[in-house]
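Single-structure report; data block below.
Just so it is clear, the values below take in all heavy atoms, side chains as well, and ignore hydrogens, waters and symmetry mates. Position 1 is the first residue of the sequence, and the numbers go up from there.
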Amino acid sequence: MPVELLNPAGLPAPDAYRQVAVATGTRTVYLAGQVARTAEGAPVGPGDLAAQTEQAFRNVATALAAVGGSFADVAKMTVYVVDWAPEKMALFGEGAMRAAADLGQVTPAITLIGITALGEPDLLVEIDVTAVLP
């Protein structure tokens, strides 16, 4: 595995993600931010954070598969959520878990950032990923 995920002693040990990713592969992959769009560009889940989160994770998986990777190769993920508030965590988690049901663990070392807006007015979440492949 080119990416080892861990929660070192002395830091909180969350179940949903890991605090540290150690990458030792030879190919670094940078994905453009993935959003809730179908392959044809149609919006998915207007106004529904859980549905948009699920689709964004699925789009990340599709992009990674195109280069021979998977979520197991993700070293760092940044998630941007419009108008973030702590009460939105349940919806974000629901979407992530629906995606994980098919894709396996989808949250490695991760940072979630609340923002005012994304590039298109209907978007609620965008996922930015750096992966390292063997």
Side-chain donor-acceptor distances from residues 76-91 under 3.5 Å, at least two apart:
unit_1, atom_1, unit_2, atom_2, d
K76, NZ, T111, OG1, 2.6
K88, NZ, V82, O, 3.1
K88, NZ, D83, O, 2.8

With sequence neighbours excluded, residues passing side-chain contact (heavy atoms from CB on, under 4.5 Å) with A23: V3, A75, V132
Could you name each residue pair satisfying salt bridge (Lys or Arg N to Asp or Glu O under 4.0 Å) that touches residues 102-121, not counting sequence neighbours? R37-E120, R58-D102
I need the L124 CG to D48 CG distance, nearest 0.5 Å. 8.0 Å
Residues 7-15 side chain polar contacts: donor-acceptor under 3.5 Å, at least two apart:
unit_1, atom_1, unit_2, atom_2, d
N7, OD1, Q19, N, 2.8
N7, ND2, P14, O, 3.4

Looking at P108 and Y17, what are the two nearest heavy atoms and their distance? O-CB, 3.1 Å
Separation of L49 CG from E94 CD (nearest 0.5 Å): 9.0 Å
V22 reachable from V74 in the ILVMFWY side-chain graph, under 4.5 Å edges: no
Once side chain to side chain donor-acceptor pair (under 3.5 Å) is applied, do any residues pair with T130, and if so which ones, sequence neighbours excluded? none
Applying the 4.5 Å side-chain criterion to the ILVMFWY set and letting contacts propagate, would L5 and I110 be lumped into a single cluster? no
M97, V60: one ILVMFWY side-chain cluster at the under-4.5 Å cut-off? no
Given the rule in the side chain to side chain contact (heavy atoms under 4.5 Å, CB included) test, do F71 and T107 qualify, once you have shown the distances and angles that lead to the verdict? CA-CA 8 Å; F71 277 97; T107 52; over 6 Å; no
Output all residues satisfying side chain to side chain donor-acceptor pair (under 3.5 Å) with N59, sequence neighbours left out; order by chain, then residue number. Q55
Any pair with a residue in residues 105-115 that passes salt bridge (Lys or Arg N to Asp or Glu O under 4.0 Å), sequence neighbours left out, goes on the list, sorted by first then second residue, please. none
Is there a side chain to side chain contact (heavy atoms under 4.5 Å, CB included) between L133 and T26 once you walk through the steps? CA-CA 6 Å; L133 282 66; T26 59; over 6 Å; no
L103-V125 co-clustered via ILVMFWY side chain contacts under 4.5 Å: yes
Supply the members, apart from Y30, of the Ile/Leu/Val/Met/Phe/Trp/Tyr cluster built from side-chain contacts under 4.5 Å; use none for a lone residue. none
If only atom types and distance count, is the side chain of Q52 paired as donor or acceptor with the main-chain N or O of P43 below 3.5 Å? no
Should I115 and L112 be counted in the same cluster of Ile, Leu, Val, Met, Phe, Trp and Tyr side chains packed under 4.5 Å apart? no
Could I get the full list of side-chain contact (heavy atoms from CB on, under 4.5 Å) partners for P134, not counting sequence neighbours? P2, D73
